There are 2 protein chains.
Amino acid sequence: MKIVPPGRGPVTLRDVAEHAQVSIATASNALTGARRVGPDSVERVLRSAAELGYRPNGVARSLRTGLHRSIGLVIPDVTNPFWAGMVSVIEGLADESGFQLSLVNTGFDAGRESASLTRLAGSVDGVLLFSTNPRATMLAPALGGGLPIVAVDEGFELEGIGGVYSDNVGGGRLAAEHLVDAGGTVFGLLAGPASLTTAAQRSAGFAAGLAGRGVDPSRLHRVTAPYSFEGGREGVRRMLDRHPEVDALFACTDNQAIGATFEAHDLGRLVPDDLLVCGFDDISWASRITPALTTLRQDSAGMARRAFEQLVELVTHGGAPEVTVFPVSLVERASTRRVTSV
Amino acid sequence: MKIVPPGRGPVTLRDVAEHAQVSIATASNALTGARRVGPDSVERVLRSAAELGYRPNGVARSLRTGLHRSIGLVIPDVTNPFWAGMVSVIEGLADESGFQLSLVNTGFDAGRESASLTRLAGSVDGVLLFSTNPRATMLAPALGGGLPIVAVDEGFELEGIGGVYSDNVGGGRLAAEHLVDAGGTVFGLLAGPASLTTAAQRSAGFAAGLAGRGVDPSRLHRVTAPYSFEGGREGVRRMLDRHPEVDALFACTDNQAIGATFEAHDLGRLVPDDLLVCGFDDISWASRITPALTTLRQDSAGMARRAFEQLVELVTHGGAPEVTVFPVSLVERASTRRVTSV
DNA sequence: ATGAAAGCGCTAACAA
DNA sequence: TTGTTAGCGCTTTCAT
């Protein structure tokens with residue numbers, strides 16, 4: 001069982017061919033099934049390969065075929081539970097399909113994003129891009145190579161690449177309507193960095209939703225903060241400092257919403273009684289904290305799957321890039337449910 | 001600026017050489033600095049390369065040199081904040097050193113772990129293995145290839161591979177002593193799956209610590225549960241169901257401890273007054289929940305850095321594998337601080 | 001200091 | 001159905 005050849009390194013296709021008494025081409029075809037091979041030969045080749053412990057050299061194969069069976073995953077922050085969940089789903093799918101996953105964590109740095117894209121171009125067949133939305137021109141070099149890209153979650157303003165997004169505008173509107181219905185009168189919007197399309201869209205949807213409910217713009221106060229727990233803490237502090245009359249808060253992200261909830265608590269403001277809070281994402285921690293967080297659920301698993309499948313499609317059959325928008329749904333929990341409700 | 005050649009694909013070294021009027025070998029050497037090259041040639045080559053937009057083909061280079069400038073990261077669950085944090089640190093270091101990162105998420109499946117190791121063997125220079133601890137024999141094929149491996153966090157019982165671990169036994173002991181000091185009288189141990197070395201070691205340390213404090217073994221009750229929030233919930237339910245007299249709980253993981261805290265709350269047991277709770281890891285959520293969780297802090301960033309550096313050392317200079325053990329420290333918070341303390 | 005050429009392991013033309 | 005052979009793009013002897 002351990003016939004691993006003498007001194008030298010790994011077994012090559014040539015070794016297998018010799019051992020099976022066929023040409024190297026036949027060995028290759030028997031293994032890959034690229035063209036018909038006599039049943040007897042195929043049998044011998046398979047046996048030899050197993051016996052010698054042959055492992056095809058992927059690098060050589062890549063050099064020859066130009067394919068890598070590998071995709072890149074460019075993400076702003078693995079530490080964020082929302083993205084971590086999607087990474088997990090995508091990794092599972094990639095593994096099933098025999099693709100490797102090259103992970104890049106940009107830390108919201110647009111420079112790293114474009115740099116990694118150019119670097120990945122040489123070693124992956126395509127990339128799933130959770131963009132920090134750098135100007136498209138920065139990415140021209142990477143895209144010039146015709147690297148298939150599917151943008152996910154965070155929008156990416158460029159023609160010719162696929163996209164999988166949530167209905168962020170609709171979600172923002174739902175949040176606004178819900179907060180009004182729950183008894184909010186003065187509204188705080190904890191937006192994300194301006195460069196993030198999700199932040200821009202959710203904010204826009206929120207403002208539109210309030211307007212639709214007849215809320216005067218003067219009753220909407222906006223603050224910008226990073227997409228993180230600490231961002232939420234710090235953001236809400238600024239918000240309540242400047243506008244203590246705010247009694248309903250929409251955060252563009254659950255991370256922020258949770259941070260805001262804790263900070264509000266530390267500032268002596270009870271959620272939901274003194275402050276209604278609504279987040280976005282529905283990460284698992286949203287339902288764990290007290291009070292449980294009302295939020296807009298994104299179908300992250302569905303988006304991850306769709307994005308992966310579309311990328312594989314682009315890579316293997318080279319179809320036309322598509323854009324898919326997933327609906328979001330309101331998940332009502334304690335953070336917007338006042339006991340003293342009407 | 002856009003002299004990218006006619007119709008065909010990417011610029012090759014040959015193109016650069018021709019443009020610079022030197023041999024292909026000289027072009028290579030000018031670019032990599034492998035051997036001395038006349039200053040004038042080096043100048044021309046560099047200019048040509050820049051002008052043509054030359055990007056070296058990493059695959060071809062790998063085939064020739066046998067190096068990939070890529071490392072594998074095999075982890076049980078990216079979704080777990082503790083591991084996600086380490087992934088983030090490692091990714092940053094890899095990027096700095098010009099290594100790519102191939103991520104594998106095993107989902108605690110030993111089969112996937114060994115399968116991925118064999119697959120990675122062909123495309124990375126080494127791997128950081130957060131093992132689910134399959135029998136070492138399963139991995140023989142992967143290791144036969146002489147693939148450099150550094151085990152991290154979860155121990156891996158095999159000679160000849162590096163390791164970076166926390167002092168899990170010591171941590172377990174500290175937890176025991178602290179819970180005794182905080183007023184615990186009957187102890188619950190929420191252990192992890194038997195296959196995980198961290199679970200085994202922390203449990204052993206905990207039992208030893210109790211014994212050291214003169215606690216009779218009959219006052220220690222043990223339950224096994226997955227390393228997850230839900231595992232913690234479900235585990236503590238079983239625990240309190242069978243042994244309602246338990247008034248101090250040690251969970252092998254913060255995730256479990258937090259789940260346990262919430263479940264205890266739902267069962268009407270106040271933490272810390274009815275139940276002291278101590279976790280392990282010090283993930284960021286530990287200090288966010290109410291009551292804030294007492295836990296054993298691991299130096300995850302330090303471990304990640306050490307592991308990465310050791311792996312790079314093994315890959316580039318092939319030194320001898322080492323084992324490093326990091327100390328852990330008790331972080332005392334509200335979950336073990338009774339108001340009615342002595 | 002430079003060039004010519006071999007070849008890493010594999011797949012895909014082209015022949016037979 | 002099978003074999004022979006030409007490279008994929010690069011690094012690296014071996015000559016010069």
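Per chain, numbering begins at 1; letters A, B, ... match sequence-line order. It should be emphasised that the depicted structure is a prediction, and the values quoted were computed from it without experimental measurement.
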Margin query: Any heavy-atom pair between the side chains of Ile75(B) and Val104(B) that's under 4.5 Å?
Written below: no

Next item on the list: Give the rounded distance in Å between these two atoms: CG of Leu67(A) and C1' of dA12(C).
Entry: 14 Å

Note to self: Looking at Arg306(B) and Glu322(B), is there a salt bridge between them, counting it only when a charged N and a carboxylate O are closer than 4.0 Å?
What the structure shows: yes

Notebook entry, point to check: Between atom CG in Asn29(A) and atom C1' in dT1(D), what is the gap in whole Å?
Noted result: 10 Å

Notebook entry, point to check: For Thr26(B) and dG3(C), is the shortest distance between a side-chain N/O and OP1 or OP2 below 4.0 Å?
Noted result: yes

Note to self: What does the B/S/- profile of nucleotides 5-10 of chain C look like, 5' to 3', with a 4.0 Å heavy-atom cutoff to protein?
What the structure shows: -BBBBB

Checklist line | Presence of salt bridge, Glu51(B) and Arg44(B), under 4.0 angstrom | finding: no

Next item on the list: Check the distance between dT12(D)'s P and Arg36(B)'s CZ and give it to me in whole angstrom.
Entry: 18 Å

Next item on the list: For residues 84-110 of chain B, pull every pair meeting ring-ring contact (aromatic ring centres under 6.0 Å, His included), keeping only residues two or more places apart or in separate chains.
Entry: Trp83(B)-Phe108(B)

Margin query: Can you measure Glu43(B) atom CD to dA1(C) atom P for me and round it to whole angstrom units?
Written below: 17 Å

Notebook entry, point to check: Are Asp125(A) and Arg69(A) within salt-bridge range, i.e. N to O under 4.0 Å?
Noted result: no

Check: From the list dT12(D), dG3(D), dT2(C), which nucleotide is the closest neighbour of the side chain of Arg35(A)?
Finding: dG3(D)

Check: Do Arg305(A) and Asp299(A) meet the salt-bridge criterion of a basic N to acidic O distance under 4.0 Å?
Finding: no

Check: To the nearest Å, how far apart are His68(A) NE2 and dC8(D) P?
Finding: 16 Å

